[in-house]
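What follows is a short report on a single structure.
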Amino acid sequence: MLTLKFIQDNKELVVERLKIKNFDATAIVDSIIELDNQRKATQVEAEALQQEMNTLSKEIGMLFKSGKAQEANEAKARTGELKDKIKERNTTLEGITAQLNEHLVSLPNVPNEIVPPGKGEEDNVEIKRGGDMPQLTVNEPHWDLIKKYDLIDFELGTKITGAGFPVYKGKGARLQRALINFFLDEGMKAGYNEVIPPLVVNEDSGFGTGQLPDKEGQMYHVTADNLYLIPTAEVPVTNIFRDVILKASEMPVKHCAYSACFRREAGSWGAHVRGLNRLHQFDKVEIVQVAHPKESYEILDKMVAHVQSLVEKLELPWRILRLCGGDLSFTSALTYDFEVYSAAQERWLEVSSVSNFESYQANRLKLRYKEEGEKKAQLAHTLNGSALALPRIVAALLENNQTPEGIKIPEVLVPYCGFDIIK
RNA sequence: GGAGAGAUGGCAGAGUGGUCGAAUGCGGCGGUCUUGAAAACCGUUGUACCGCGAGGUACCGGGGGUUCGAAUCCCUCUCUCUCCGCCA
């Protein structure tokens with residue numbers, strides 16, 4: 001969430017910028033400022049009363065100690081009214097604070113100034129593309145290829161669990177494992193430290209990265225233990241840094257992690273979700289960085305370059321989009337999406353999303369850093385990106401590399417797969 | 001799952017109703033001494049909020065309660081450890 005101080009100091013800017021996200025913040029910002037003024041006033045009153053009470057209590061203690069029981073009891077009689085007042089003030093204070101928090105949490109992150117305006121996907125701006133479009137002599141969509149070569153069994157997954165939980169088989173499973181290892185190795189080479197996080201998280205973690213309270217419908221909820229299946233490794237990995245104060249010299253911290261990801265995708269089924277295009281469970285390697293505010297955008301560019309190197313090594317046609325305000329997530333300040341072209345489907349598939357959250361997540365996480373010699377801790381910046389999400393990469397690989405002889409495996413993956421063609 | 005013990009500052013650890021934001025040790029930082037370092041000695045060393053400041057308020061795992069007053073007593077939740085059971 002945005003900090004109170006930022007909102008107070010940049011009231012107009014917040015309202016203006018959030019218009020880019022098609023979010024009218026005028027009323028919320030006004031009431032945040034008003035509520036905070038109330039909060040301060042109430043807190044001052046409550047604390048003054050508390051101080052009086054503390055002083056009085058100390059006096060009573062002294063009196064008892066020096067044997068003046070009667071005086072002590074007289075003083076005691078005076079505390080009742082004070083106690084009621086304090087209670088009343090504190091209740092008011094709690095109410096105001098709760099309301100204030102509710103408003104703060106409901107305010108999205110302010111987009112970076114280069115975020116283009118727009119309503120949705122169609123307004124995203126392509127900033128770069130590369131790779132060669134495949135010239136296919138055969139042309140089948142991946143859901144047919146998968147059946148033909150017996151790589152992934154959707155029906156079996158449906159039997160075991162339900163729709164959207166595929167079973168990978170034989171070379172399909174091997175390809176999956178190859179991609180995961182390839183992505184992790186590339187991450188390591190780029191200086192990311194691998195972690196294997198838990199796949200379920202508690203409520204605090206869900207709040208820390210911004211999935212809660214808003215998007216609980218998107219996560220599988222284990223109600224018996226009040227835990228959530230992770231929708232992305234971003235959640236557990238970023239939460240490593242919840243309530244942490246780093247030294248400025250330790251940044252940037254770079255982590256990568258493979259995890260299965262679980263998404264309910266409530267309400268988002270329909271056209272274009274056949275086969276691997278949308279799943280409830282899928283595999284992804286995620287990169288996460290904690291950065292100094294002054295270099296977070298430079299780091300965002302580096303992360304984008306890293307993802308670009310992955311799609312290039314996989315020899316897939318790719319493009320990078322700068323997301324418009326309307327397509328930008330609640331917590332993000334700037335996001336680049338990567339898409340790869342799927343020849344058989346004749347459409348672009350989103351395979352990565354790389355974002356700078358600035359201090360929006362850090363504020364929720366209480367993730368801070370201290371400059372050498374400084375006493376005051378500052379909020380750090382958090383960033384993350386998929387590097388990469390597997391299913392649509394698999395879809396594109398299968399579709400783009402199909403030949404009458406079989407599906408050719410890109411060179412970089414051959415050592416990982418142990419085969420160079422699927423037939 | 002059953003029985004018991006525990007959770008205190010960066011770490012270790014004292015504190016069982018008042019002057020406790022909290023002894024002591026270690027670590028960190030500054031200084032004295034030294035050509036330099038070590039040792040020794042002296043000092044200092046949490047976070048957040050309100051306030052120009054003086055200062056105030058809150059925090060001893062989380063939440064609630066008792067009391068004029070809670071780190072300390074009560075309830076509850078979470079976590080850790082030991083023993084037993086079950087098990088990859």
Side-chain angles (χ1 to χ4, degrees), chain A residues 1-9 32-105 196-208 212-213 221-228 236 239-250 253 359 362-380:
Chain A
M1 57 191 173
L2 299 172
T3 63
L4 246 173
K5 189 162 168 31
F6 183 82
I7 297 170
Q8 282 162 340
D9 294 350
I32 283 174
I33 290 170
E34 170 55 25
L35 280 166
D36 190 50
N37 289 335
Q38 284 178 32
R39 192 210 100 227
K40 278 182 198 168
T42 313
Q43 187 174 331
V44 167
E45 285 173 41
E47 286 184 0
L49 290 167
Q50 189 61 53
Q51 183 186 358
E52 218 179 298
M53 182 65 126
N54 288 348
T55 312
L56 197 52
S57 294
K58 265 184 192 165
E59 277 168 21
I60 291 168
M62 308 265 237
L63 289 172
F64 271 122
K65 231 174 194 171
S66 53
K68 297 171 183 163
Q70 189 171 345
E71 281 178 55
N73 282 320
E74 280 166 21
K76 240 168 141 172
R78 284 189 277 134
T79 60
E81 193 191 344
L82 203 48
K83 219 178 167 178
D84 289 343
K85 273 201 223 163
I86 290 172
K87 190 155 199 170
E88 188 265 323
R89 288 287 80 185
N90 279 337
T91 310
T92 311
L93 186 60
E94 269 170 44
I96 294 170
T97 310
Q99 252 186 64
L100 183 58
N101 280 336
E102 217 172 282
H103 282 304
L104 281 172
V105 161
I196 302 180
L199 303 182
V200 287
V201 294
N202 58 29
E203 237 175 321
D204 285 348
S205 294
F207 178 80
L212 298 175
H221 188 191
V222 184
T223 50
D225 298 291
N226 196 25
L227 297 172
Y228 295 86
N239 271 281
I240 290 174
F241 301 96
R242 176 150 46 85
D243 294 318
V244 166
I245 300 177
L246 294 163
K247 287 185 198 146
S249 59
E250 293 172 313
V253 185
S359 59
N363 190 32
R364 287 183 166 213
L365 293 159
K366 295 204 184 66
L367 161 53
R368 291 164 293 171
Y369 69 94
K370 259 188 201 169
E371 216 71 68
E372 182 78 29
E374 292 277 316
K375 234 182 127 67
K376 185 97 179 136
Q378 316 270 346
L379 290 174

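Each chain gets a letter, A, B and so on, in the order the sequences are listed, and its residues count up from 1.
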C1' spacing across the pair rA7(B) / rA14(B), given as an integer number of angstrom = 15 Å
Under a 3.5 Å limit on both distances, the Watson-Crick or wobble mate of rA88(B) is none
Next on the checklist: Roughly how many Å apart are rG9(B) and rA23(B), using the P atom of each and rounding to a whole number?
Outcome noted: 12 Å
Across every strand shown, the nucleotide meeting Watson-Crick or G-U wobble geometry with rU47(B) (both distances under 3.5 Å) is rA58(B)
- Query: Can you tell me if Thr92(A) uses its side chain to pair, donor with acceptor, with the backbone of Glu88(A) under 3.5 Å?
  - Reply: yes
Between CG of Leu4(A) and C1' of rC50(B) the distance, given in whole Å, is 13 Å
note: Ile86(A), atom CD1; rC68(B), atom C1'; distance rounded to Å ~ 11 Å
### Between rU80(B) and rG56(B) - C1' atom distance, rounded Å
37 Å
**Q.** Residues, nucleotides or ligands: over 12 heavy atoms within 6.0 Å of Gln8(A) CD
**A.** yes
Report task. Measure the shortest side-chain to side-chain distance between Val201(A) and Asn239(A) over non-hydrogen atoms and say whether it is less than 4.5 angstrom. Result -> no
Taking a pair to mean Watson-Crick or G-U wobble geometry with both distances below 3.5 Å, rU24(B) pairs with rA12(B)
Inset, instruction - Check whether any side-chain nitrogen or oxygen of Lys83(A) sits under 4.0 Å from OP1 or OP2 of rG69(B), and answer yes or no. - result: yes
Sugar-phosphate, base or nothing in reach of Leu56(A), heavy atoms under 4.0 Å: nothing
Tightest non-hydrogen contact, residues Ile60(A) and Ala75(A), listed as CG1-CB, 3.7 Å
Under a 3.5 Å limit on both distances, the Watson-Crick or wobble mate of rU32(B) is rA40(B)
(Q) Within the 3.5 Å criterion, strictly below it, is a donor on Asn54(A) or Gln50(A) matched to an acceptor on the partner's side chain? (A) yes
It should be established whether Gln50(A) places a side-chain nitrogen or oxygen under 4.0 Å from OP1 or OP2 of nucleotide rG56(B). no
note: Asp204(A), atom CG; rC79(B), atom P; distance rounded to Å ~ 12 Å
In whole angstroms, the gap separating C1' of rC68(B) from CG of Asn73(A) amounts to 10 Å
_Determine whether a donor-acceptor pair (N or O, by modelled atom type, separation under 3.5 Å) exists between the side chain of Ser359(A) and the backbone of Ala362(A)._
no
Using the P atom in both, what is the distance from rC75(B) to rA88(B), to the nearest Å? 39 Å
Under a 3.5 Å limit on both distances, the Watson-Crick or wobble mate of rG69(B) is none
_P atoms of rA58(B) and rG63(B), separation to the nearest Å_ = 15 Å
Glu52(A) CD to rA58(B) P, in whole Å, measures 14 Å
Any chance the side chains of Gln51(A) and Glu47(A) put a donor and an acceptor closer than 3.5 Å? no
Check: Does rU57(B) have OP1 or OP2 sitting under 4.0 Å from an N or O in the side chain of Asn54(A)?
Finding: yes
Per the under-4.0 Å heavy-atom filter, residues of residues 34-47 of chain A near RNA chain B come out as Arg39(A), Lys40(A), Gln43(A), Val44(A), Glu47(A)
Lys76(A) has its side chain closest, among rU57(B), rC68(B), rU47(B), to rC68(B)
Evaluation steps, side-chain contact (heavy atoms from CB on, under 4.5 Å), between His221(A) and Asn226(A): CA-CA 7 Å; His221(A) 188 191; Asn226(A) 196 25; 2.8 Å; yes
Separation of rC50(B) atom P from Arg89(A) atom CZ, nearest Å, is 18 Å
| request: List the steps and the verdict of salt bridge (charged side-chain N to carboxylate O under 4.0 Å, His left out) for Lys87(A) and Asp84(A). | output: CA-CA 5 Å; Lys87(A) 190 155 199 170; Asp84(A) 289 343; over 6 Å; no
Mate of rG53(B) across any strand shown (Watson-Crick or G-U wobble, both atom pairs under 3.5 Å) is none
Original post:
Say you pick atom C1' in rG31(B) and the same atom in rA48(B); how far apart are they, in whole Å?
Top reply: 31 Å
rU78(B) -> Watson-Crick or G-U wobble partner, both distances under 3.5 Å, gives rA7(B)
**OP:** Report which part of the nucleic acid Met53(A) touches: base, sugar-phosphate, or nothing (heavy-atom distance under 4.0 Å, all strands).
**Re:** sugar-phosphate
Self-check item: P-based separation of rA22(B) from rU57(B) [nearest Å]
Solution: 13 Å
key: C1' spacing across the pair rU45(B) / rC50(B), given as an integer number of angstrom   = 25 Å
d(Arg368(A) CZ, Leu246(A) CG) to nearest 0.5 Å is 10.5 Å
Once you apply a heavy-atom cut-off of 4.0 Å, does Lys370(A) come out as touching a base, just sugar-phosphate, or nothing? sugar-phosphate
Ranking rG18(B), rU57(B), rU19(B) by distance to the side chain of Lys58(A), first place goes to rU19(B)
Note: for Ala48(A) and Ser57(A) on RNA chain B, the residue whose nearest nucleotide lies more 5' is Ser57(A)
Residue pair Gly61(A)/Thr55(A) against RNA chain B: nearer the 5' end by closest nucleotide is Gly61(A)
